[in-house]
Amino acid sequence: MSDNEWCKVLIVDDEVLIRQGIKYYVNWEEEGFQIVGEAANGSEALELIEKTQPHIVITDIVMPIMDGEDLTKIIRKDYPDIQVIVLSSFSDFEYVRSTFQSGVTDYILKPKLEGAELLKALKKAANKLTGFQVLHKSYDDNLSPIDHILATIMSGFSEDIDEDIIKDTFREKYYSILGISMTHKEDTNGQMVKDHVEQALNIHFGDIAIYPLMKEDYDLAYILNFKLNKLPIIRRNMKELSTSLSGTIKGISLSEPYNAIKDTNKKYQESISTLKNCRFYFPDKSVFIYDELPAAPALKETFNLNRFIEVFKRGEFNESFHYLNGYVDYLSHQFTKDVHEFKSFIGNIIFNITVLLGNLHYDNKQLDKEKYQYFTSINEAVDIHETVGYLHSFLEEVNEVIISKMNDKSDTNIQKLLDYIDQHYAEPLNLTEMANHFHFNPSYLSSYFSTHHSVGFNEYLNRVRIEKAKDCLRSGKISISEISGMIGYSDHSYFCKVFKKMTGMSPSSYRKSFI
């Protein structure tokens with residue numbers, strides 16, 4: 001491994017929206033890191049590890065085919081130099097203890113995943129790489145001393161900065177971060193919009209010390225240095241600036257004042273995050289000042305996915321959609337909620353409903369094909385209205401599928417058979433006896449399952465049993481050996497084998513994911 005190169009990172013997660021979110025959390029190359037690939041499970045990750053030779057692997061724990069725990073063990077055995085950062089939705093530390101024992105570098109809860117936390121874990125992992133120095137974008141040797149100090153602070157290091165240089169540059173006690181989001185990098189004449197923005201800044205902030213801080217894609221950031229009594233002027237100037245640059249910028253934000261230069265990176269992360277969130281949740285507003293943001297609604301309980309699933313499975317669709325839409329409306333006003341987290345929630349709902357329709361024998365083939373386009377559209381949505389609009393479009397298609405099924409009387413007898421399986425799954429069932437019981441030809445019945453469910457009778461029966469097992473496992477009260485007998489498996493080891501094959505994880509791992 002050579003010194004002073006990009007630190008290569010591989011992202012492993014079965015959720016597309018989570019992988020996309022991770023890619024946008026960090027200004028990767030600015031920090032010395034480079035994403036070399038993405039994988040949806042441990043098996044795909046191992047193939048990419050061989051090809052790309054990453055220094056760091058960021059992996060989810062619960063994934064199909066091969067989970068993060070098994071992947072970590074293989075990495076530690078076959079690629080001991082690779083550092084592993086584990087992501088999980090589970091707050092139970094006991095569950096992930098085995099991954100730490102396998103030698104992971106760090107562990108981050110998905111609900112708490114954000115840029116600063118991820119960057120901290122990446123730097124911690126990079127520091128453990130033997131004989132390796134992360135390559136940062138080189139700074140111009142002609143940069144002033146204050147430029148180098150700010151670059152150092154923005155890289156996450158604030159020790160040993162020259163206080164004399166700080167005092168010579170920033171004469172006032174207070175700082176704030178001014179964040180600006182541009183509509184385009186260039187205007188119709190090919191001129192850089194940044195130059196136009198900075199000309200306007202000089203006009204509107206001529207009496208306030210302002211210093212360029214950072215540029216990220218279409219976002220600009222500046223550090224303001226001022227006396228506290230200048231805040232009313234800064235507020236007024238921001239609103240005038242927004243008006244004069246209408247059509248050129250999407251939004252402008254001001255962080256809470258602070259008085260320690262070493263806090264600049266933290267305030268920058270908070271300011272840019274706030275600006276991005278506010279642009280998403282309030283697309284009709286353009287000026288966001290730290291103490292002028294609207295109050296968020298009172299906190300509600302988190303969305304109960306199990307409740308939603310149970311109501312949906314009972315066929316009470318209006319009730320399930322009413323519950324879902326009410327919660328989405330509540331989230332739409334929680335502007336402090338991370339945008340990627342909100343989009344992930346919508347994407348997960350679409351995924352779960354698609355699976356539920358299939359399990360309930362509705363014709364979900366078209367929706368199953370379209371769900372990935374929905375994921376992509378949601379990920380690229382620019383505001384709350386567009387994102388929720390995709391969910392409503394999806395739910396309209398779901399309603400059409402449900403109504404079509406209700407109006408189709410041709411499969412009444414088959415539905416009785418499927419209902420019978422759902423009620424008697426714990427009993428010894430086989431294709432011949434089922435066919436005789438319902439006066440079907442066994443060959444026809446076998447053909448029906450292959451045509452309408454893409455699986456044979458036994459595979460279908462296994463699916464029903466495993467879904468029942470998952471319900472029992474989520475309750476956390478019945479032993480796994482008891483569950484295997486309750487759902488029709490006399491051989492406990494065979495039940496575990498079938499469960500692992502169909503879900504990608506063992507029954508015990510599945511149970512722990514809901515604790």
Side-chain angles (χ1 to χ4, degrees), residues 24 114-115 172 174-187 192-259 263-297 331-340 342 381-388:
Y24 293 118
E114 46 86 31
E172 307 300 343
Y174 289 94
Y175 307 90
S176 277
I177 304 298
L178 181 70
I180 299 177
S181 178
M182 300 182 295
T183 306
H184 303 286
K185 289 183 179 179
E186 297 180 349
D187 61 21
M192 295 303 295
V193 174
K194 175 177 177 288
D195 296 337
H196 180 45
V197 169
E198 294 192 344
Q199 288 174 7
L201 283 172
N202 289 331
I203 295 172
H204 293 281
F205 288 84
D207 56 346
I208 301 291
I210 183 166
Y211 208 89
L213 191 60
M214 191 171 284
K215 181 172 76 70
E216 179 183 346
D217 293 330
Y218 297 123
D219 292 323
L220 303 174
Y222 300 86
I223 184 169
L224 304 182
N225 183 225
F226 54 91
K227 291 179 180 178
L228 206 54
N229 61 8
K230 291 284 188 179
L231 263 178
I233 297 174
I234 292 174
R235 295 173 190 270
R236 184 194 67 209
N237 291 352
M238 282 184 64
K239 293 167 184 176
E240 291 177 355
L241 177 68
S242 175
T243 301
S244 67
L245 292 175
S246 177
T248 301
I249 63 173
K250 296 179 183 177
I252 180 170
S253 67
L254 183 71
S255 75
E256 185 176 7
Y258 59 101
N259 56 17
D263 293 334
T264 296
N265 186 36
K266 176 184 176 183
K267 294 297 180 181
Y268 164 80
Q269 298 292 344
E270 291 174 355
S271 180
I272 294 301
S273 175
T274 298
L275 179 57
K276 289 179 178 178
N277 269 27
C278 288
R279 280 205 333 259
F280 179 81
Y281 288 102
F282 305 109
D284 299 327
K285 288 177 63 69
S286 59
V287 179
F288 307 101
I289 299 176
Y290 67 95
D291 60 352
E292 295 182 7
L293 298 174
L331 285 185
S332 298
H333 296 87
Q334 292 290 333
F335 69 91
T336 57
K337 189 175 187 64
D338 181 78
V339 171
H340 295 297
F342 177 84
V382 298
D383 60 46
I384 188 72
H385 304 312
E386 185 180 355
T387 306
V388 175

May I ask you to test the Asn229-Tyr174 pair for a side-chain heavy-atom distance under 4.5 Å?
-> no
Check: Leu241 main-chain N/O paired with Ser244 side-chain donor or acceptor under 3.5 Å | yes
Side chain to side chain contact (heavy atoms under 4.5 Å, CB included) between Leu231 and Leu254, intermediate numbers included | CA-CA 10 Å; Leu231 263 178; Leu254 183 71; 4.3 Å; yes
Side-chain contact, heavy-atom cut-off 4.5 Å: Met238 with Phe205?
-> yes
Are the side chains of Tyr175 and Asp263 in touch, meaning some heavy atoms are under 4.5 Å apart?
-> no
Close side-chain approach of Lys239 to Ile289, heavy-atom, < 4.5 Å = yes
When rounded to the nearest 0.5 angstrom, what is the spacing between CG in Leu178 and CD1 in Ile208?
-> 11.0 Å
Do Ser255 side-chain atoms and Ser176 backbone N/O form a donor-acceptor pair below 3.5 Å?
-> no
Do the non-hydrogen side-chain atoms of Thr387 and Val339 ever get within less than 4.5 Å of each other?
-> no
Kindly compute the distance separating OH (Tyr222) from CD (Glu198), expressed to the nearest 0.5 Å.
-> 3.5 Å
CD1 of Ile177 to CD1 of Ile223, rounded to nearest 0.5 Å, is 5.0 Å
Salt-bridge test for Lys250 and Asp383: reply yes if a basic N is under 4.0 Å from a carboxylate O, no otherwise.
-> no
What is the ring orientation for Phe282 with Phe288, classed by angle as parallel under 30°, tilted 30 to 60°, or perpendicular over 60°?
-> tilted
Exercise: identify the closest heavy-atom pair between Ser332 and Tyr281 | O-CD2, 3.4 Å
Taking the side chain as every heavy atom from C-beta outward, state whether Lys230 and Glu172 have any atom pair closer than 4.5 Å.
-> no
Can you check whether Leu245 reaches Ile180 side chain to side chain, under 4.5 Å on heavy atoms?
-> no
Distance from Ile234 atom CD1 to Leu224 atom CG, nearest 0.5 Å?
-> 5.5 Å
Side-chain donor-acceptor pair under 3.5 Å between Thr264 and Tyr258, yes or no?
-> yes
Less than 4.5 Å apart, any side-chain heavy atom of Phe335 and any of Asn277?
-> no
